Amino acid sequence: MAKDDLTPDKLLEQGLAILSGLLGSTWTVTPRPEPEEPHGIDVIVEVKAEGDSTFTQLLVELKPSLTPRVVDEVLVPKVGLLRRLSQYTNLMVMAPWVSPKTQQLLRHHGISYLDLTGNVSLRVRKPAIVIHTEGATRSPKTLSQEQRTTLAGPKAGRLVRLLADVHPPYRATQLAQSAGLSLAYISRLLDALEDQLLLRRDGRIITDVDWQELLRARATQSGLLRHNSYVGALAPNGVPAVMDDIRALPPAQFDGVAVTGSYAAHRVAPLSAGGQLMLYVAPRLNVDDLVDDLGLLPVRENADVLLLRAPDRAVFDRAVTLDGLQHVALSQLVLDCLSGPGRLPAEGEAVLKYMSEHHDQWRNLSIEHLSGKPQF
């Protein structure tokens, strides 16, 4: 059923059917036909076990869509008020789909939830009910609003990098100008990020960015090797020799090559040694020619060097030169590691930890003075 066709009555009907199925035939789940609607509650549902005079009431909120922002600004204040009236208040929200982040926020505040894909969390003291089931981790396409504005794609990558690399405050117009993106696109994506509590605004001014969660969220929408074409190669003389050959490249080529992945992460998060040497190659360069210039042998398997075709110029934004080699900025490194294979995600988390402890070494204080300041 398409989301637009899902009326509140149908949402309630399907939600109660799911709840009844989870409780079993020895329980009854009965909505009150004409609830008194205390403090804006949509419906009161009575839950009772057969042969037991004890019952509980669920105060059910019906939401056609549910975001962390709705939880934070609407549901949390409401449940706080209701619990001041009665500590045994059981608030449940029903929605077509509840994202993992929203689920986590609801559980943190003790709010039960149920969605039509099977994500359910319900805890009642008396009669004792504990239910936790997992459904879809991604919004079904027929229910999705995120399809229009997501963190996938090169344009979103530009904005995410900029939001992470520059400390607010700033405005959408400044972001659009700096990222080279349309103001309309920036505004739509900022609205989506605000709904997910990944940033906060005071009027038109962005005042805070949860840059760590923002980078993690972007990484789930990208894939270092899934979404980037690349060439694998062997280094006959070893990876250190390849690095020396990169240092010796003429400026036009040198500027279009940047180290990412494990070799870049080792500088701030030395979890282990070795790994593949991953290099971004600018679109203007011919990867096959670069393979020849570096003395590499193209292979399909067991490569020790990967040359990735950069999907967007933003990959090189705020890159820094270290020991004669260009390295991607830390925010780009985190995105690559978190979305990469093998041990890379663990290295990405270690880089995030380093970044959180060394703000002054990588995060710019002003968008007007954006620079590729030393980061490692």
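The structure displayed is predicted, hence computed values, not measured ones. Note that these values count all heavy atoms, side chains included, but never hydrogens, waters or copies made by symmetry.
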State whether the number of non-hydrogen atoms from other residues, nucleotides or ligands found under 6.0 Å of Asp202 atom CG is greater than 12.
no
Counting heavy atoms not belonging to Arg123, are there more than 12 under 6.0 Å from its CZ?
no
Are side-chain N/O atoms of Ser262 and Glu347 paired as donor and acceptor at under 3.5 Å?
yes
Do Thr7 and Asp9 have side-chain atoms, one donor and one acceptor, less than 3.5 Å apart?
no
Should Val328 and Val305 be counted in the same cluster of Ile, Leu, Val, Met, Phe, Trp and Tyr side chains packed under 4.5 Å apart?
no
Measure the shortest side-chain to side-chain distance between Tyr354 and Gln361 over non-hydrogen atoms and say whether it is less than 4.5 angstrom.
yes
Show your reasoning for whether salt bridge (Lys or Arg N to Asp or Glu O under 4.0 Å) applies to Lys48 and Glu46.
CA-CA 7 Å; Lys48 183 178 180 181; Glu46 184 177 286; 5.7 Å; no
If I compare all heavy atoms of Pro68 with all of Leu105, which pair ends up nearest, and what's the gap?
O-CD2, 3.5 Å
Going by heavy atoms in the side chains, are Asp42 and Pro8 under 4.5 Å from each other?
no
Supply the atom-to-atom distance Leu66 CG to Gln103 CD, rounded to the nearest 0.5 angstrom.
9.5 Å
Do the non-hydrogen side-chain atoms of Gln196 and Thr67 ever get within less than 4.5 Å of each other?
yes
When you look at Ile246 and Leu279, which way does the side chain to side chain contact (heavy atoms under 4.5 Å, CB included) test go after all the steps?
CA-CA 10 Å; Ile246 295 173; Leu279 304 170; 3.7 Å; yes
Cluster overlap Val315 with Val334, hydrophobic side-chain contacts below 4.5 Å
yes
From the options Asp72, Asp210, Asp208, select the one residue that forms a salt bridge (Lys or Arg N to Asp or Glu O under 4.0 Å) with Arg200.
Asp72
Does any part of the side chain of Arg216, heavy atoms only, come nearer than 4.5 Å to the side chain of Glu349, both counted from C-beta?
yes
Would a hydrophobic clustering, with Ile, Leu, Val, Met, Phe, Trp and Tyr connected at side-chain separations under 4.5 Å, put Leu294 with Val299?
no
Heavy-atom closest pair, residues Leu23 and Val47
CD1-CG1, 3.7 Å
Tell me the closest heavy-atom pair linking Leu290 and Leu307, and the distance in Å.
CD2-CD2, 3.7 Å
dist Met278:CE -> Tyr230:OH (nearest 0.5 Å) comes out at 8.5 Å
List the steps, then state whether salt bridge (Lys or Arg N to Asp or Glu O under 4.0 Å) holds for Lys101 with Glu213.
CA-CA 10 Å; Lys101 181 174 182 178; Glu213 288 304 313; 5.4 Å; no
Within 6.0 angstrom of Glu73 CD, more than 12 heavy atoms from elsewhere
yes
So which of Met92, Met94, Arg107 actually passes side-chain contact (heavy atoms from CB on, under 4.5 Å) with Tyr113?
Arg107
Which atom pair, heavy atoms only, marks the closest approach of Ile206 to Pro168?
O-CB, 3.3 Å
Less than 4.5 Å apart, any side-chain heavy atom of Asn90 and any of Ser112?
no
Heavy-atom check, side chain of Val239 versus side chain of Tyr263, under 4.5 Å:
yes
So that I can tick it off, tell me whether Glu357 and Lys353 are bridged by a salt bridge, with the cut-off set at under 4.0 angstrom between side-chain N and carboxylate O.
yes
Considering non-hydrogen atoms only, spot the tightest contact between Ala164 and Leu215 and give its length.
CB-CD2, 4.1 Å
What distance separates Leu190 CG from Arg171 CZ, expressed to the nearest 0.5 Å?
13.0 Å
Worked verdict on Val98 versus Lys63 for side chain to side chain contact (heavy atoms under 4.5 Å, CB included)
CA-CA 10 Å; Val98 183; Lys63 297 294 183 185; over 6 Å; no
Given side chain to side chain contact (heavy atoms under 4.5 Å, CB included), test Trp27 with Leu22 step by step and report yes or no.
CA-CA 10 Å; Trp27 291 77; Leu22 291 171; over 6 Å; no
Flag side-chain contact, heavy atom, 4.5 Å: Leu277 against Met243:
yes
Closest heavy-atom pair, Val351 versus Ala265, reported as atoms and distance to 0.1 Å, is CG2-CB, 3.9 Å
Would you sort out whether Ile367 and Leu162 count as a side chain to side chain contact (heavy atoms under 4.5 Å, CB included), showing the intermediate values?
CA-CA 9 Å; Ile367 199 168; Leu162 193 56; 4.3 Å; yes
Are Val281 and Leu224 linked, directly or through other ILVMFWY residues, by side chains that come within less than 4.5 angstrom of each other?
no
Do other residues, nucleotides or ligands put more than 12 heavy atoms under 6.0 Å from the CZ atom of Arg247?
yes
Can a salt bridge be assigned to the pair Asp317 and Arg161 using a cut-off of 4.0 Å between side-chain N and carboxylate O?
no
Euclidean distance, Leu6 CG relative to Leu12 CG, rounded to 0.5 Å
10.5 Å
Calculate, to the nearest 0.5 Å, the distance between atoms CG and OG belonging to Leu159 and Ser178 respectively.
10.0 Å
Could you tell me whether the side chain of Lys155 reaches within less than 4.5 Å of the side chain of Leu189, counting heavy atoms only?
no
